[in-house]
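Only one structure is covered here, and it is reproduced in the block below.
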Amino acid sequence: MVNLILFGPPGSGKGTQAKMLVEKYNFFHISTGDMFRYEMKNDTPLGKKAKEYIAAGNLVPDSLTIAMLKKQVVANQDVYGFIFDGFPRTTPQADALDILMNSLGNSVNKLIALDVNDQEIIDRLQGRAKIEGRADDANVETVKNRIEVYKQNTTPVFDYYENFDKSVKVDGIGSLDEVFERICNEL
Ligand code: AMP
């Protein structure tokens, strides 16, 4: 198995690039953001719990997020490898992921971080709000909070995997194909 973390701030293009990687390499894509949106749309108990955190641009608590992720990984063992998109977002999540993968005889092979500046993120998310209608993209204050949460809580995950020589940065500015090529060069 090849297991990849696609990393970067909100709006850096993780979801889009993950889909392109799935087409080329046949990965199994796990987006915790998409999973939460599914739960909220179906008004499940987990969706109800996650809603307020997501609306405010805060992280859903680790316990809920890790349990949801574990279920999805364990249920899909017959795959070429995983692309984790939007997970891990905290170092306890990274710890939990490593323990989980080890328990399944696997590991995270690489973390690829898409490098995009703050102004580009704000512009991209405002554009995406009009297309996808996500409330957490439309509100500029929520977007700013998500960027702040990313800097405070999530960037340490880059360092966590850098300690194992697994983290690389890729320029996230450019056309979809240009960024995709940079990612593929790292695989
Ligand atoms: P995303 O689509 O990845 O930008 O995620 C949308 C929202 O879902 C985030 O702003 C968080 O509130 C929540 N979320 C997604 N993934 C995680 C995670 N790994 N840990 C905590 N919260 C998450």
Side-chain angles (χ1 to χ4, degrees), residues 3-22 27-74 82-101 108 111-116 118 120-161 167 172:
N3 301 300
L4 181 69
I5 296 171
L6 212 47
F7 193 76
S12 56
K14 301 185 295 291
T16 307
Q17 294 295 334
K19 288 188 184 96
M20 292 166 79
L21 285 166
V22 166
F27 281 109
F28 189 87
H29 178 200
I30 297 187
S31 156
T32 41
D34 284 351
M35 292 174 77
F36 281 131
R37 280 184 285 280
Y38 176 85
E39 299 287 336
M40 288 191 294
K41 200 171 138 210
N42 289 289
D43 213 17
T44 65
L46 175 57
K48 284 185 182 134
K49 283 183 199 154
K51 208 170 186 165
E52 276 182 33
Y53 298 100
I54 293 174
N58 291 322
L59 295 181
V60 179
D62 283 341
S63 55
L64 297 177
T65 308
I66 291 166
M68 177 178 77
L69 183 280
K70 271 188 185 169
K71 242 166 103 178
Q72 184 78 330
V73 169
V74 170
F82 292 101
I83 293 183
F84 298 104
D85 157 11
F87 185 96
R89 262 174 153 104
T90 63
T91 47
Q93 290 183 15
D95 271 329
L97 180 61
D98 280 357
I99 291 168
L100 172 67
M101 296 309 274
V108 169
L111 178 152
I112 297 183
L114 298 175
D115 205 10
V116 176
D118 290 2
E120 175 81 11
I121 294 169
I122 293 170
D123 294 346
R124 282 190 192 181
L125 292 187
Q126 281 180 334
R128 188 168 79 180
K130 291 189 190 113
I131 298 165
E132 294 183 14
R134 277 177 56 176
D136 61 341
D137 286 346
N139 185 316
V140 178
E141 287 315 307
T142 307
V143 168
K144 285 187 179 158
N145 187 44
R146 285 162 69 199
I147 296 172
E148 209 39 51
V149 167
Y150 174 78
K151 288 181 181 166
Q152 295 268 337
N153 302 67
T154 305
T155 52
V157 173
F158 182 90
D159 305 332
Y160 176 102
Y161 286 101
S167 291

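The chain is numbered in sequence order, starting from 1. We count ligands from 1, going down the list as the structure has it; atoms in each ligand are counted the same way.
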At a 4.0 Å threshold, what atoms of ligand 1 neighbour a non-hydrogen atom of R146? 4 (O), 10 (O)

Quick check on R37 - does any of its heavy atoms sit under 4.0 Å from an atom of ligand 1? yes

For atom 16 (N) of ligand 1, closest protein heavy-atom neighbour: T32 OG1, 2.8 Å

Can you sort out which atoms of ligand 1 are near G33, meaning under 4.0 Å from one of its heavy atoms? 1 (P), 2 (O), 3 (O), 5 (O), 15 (C), 16 (N)

When Y161, Y150, Y160, F84 are each screened for ring pair (Phe, Tyr, Trp, His ring centres under 6.0 Å) with F7, the one that passes is Y150

Which residue is it: K19, Q17, H29? I am looking for the one with a side chain to side chain donor-acceptor pair (under 3.5 Å) to D85. H29

Counting non-hydrogen protein atoms only, what is the nearest one to atom 3 (O) of ligand 1? Give residue, atom name and distance. R89 NH1, 3.0 Å

Heavy atoms of other groups near F158 CZ, more than 12 under 6.0 Å: yes

What do you reckon, does R134 put a non-hydrogen atom under 4.0 Å from ligand 1? yes

Any idea which atoms of ligand 1 are less than 4.0 Å away from a heavy-atom of T65? 18 (C), 19 (N), 20 (N), 21 (C)

So, N139 side chain and E141 main chain: donor-acceptor pair closer than 3.5 Å or not? yes

Please lay out, stage by stage, how L59 and T65 fare under the test side-chain contact (heavy atoms from CB on, under 4.5 Å). CA-CA 9 Å; L59 295 181; T65 308; over 6 Å; no

Looking only at protein heavy atoms, what sits closest to atom 12 (O) of ligand 1 is N58 O, 2.6 Å

Roughly how far, to the nearest 0.5 Å, is the CD1 atom of I54 from the CZ atom of R37? 7.5 Å

Looking only at N/O atoms, are G57 and ligand 1 under 3.5 Å apart anywhere? no

Nearest-neighbour protein heavy atom for atom 22 (N) of ligand 1, which is reported as residue plus atom name and distance: V60 N, 3.1 Å

Is D34 salt-bridged to K41, cutoff N-O under 4.0 Å? no

Give me the nearest non-hydrogen protein atom to atom 23 (C) of ligand 1 as residue plus atom name, then the distance to 0.1 Å. F36 CE1, 3.8 Å

For Q93, atoms of ligand 1 separated by under 4.0 Å from a heavy atom: 18 (C), 19 (N), 20 (N), 21 (C)

Report the C-alpha distance between L97 and Q93 in whole Å, list the side-chain angles of each, state the deciding distance to 0.1 Å, and finish with yes or no for side-chain contact (heavy atoms from CB on, under 4.5 Å). CA-CA 6 Å; L97 180 61; Q93 290 183 15; over 6 Å; no

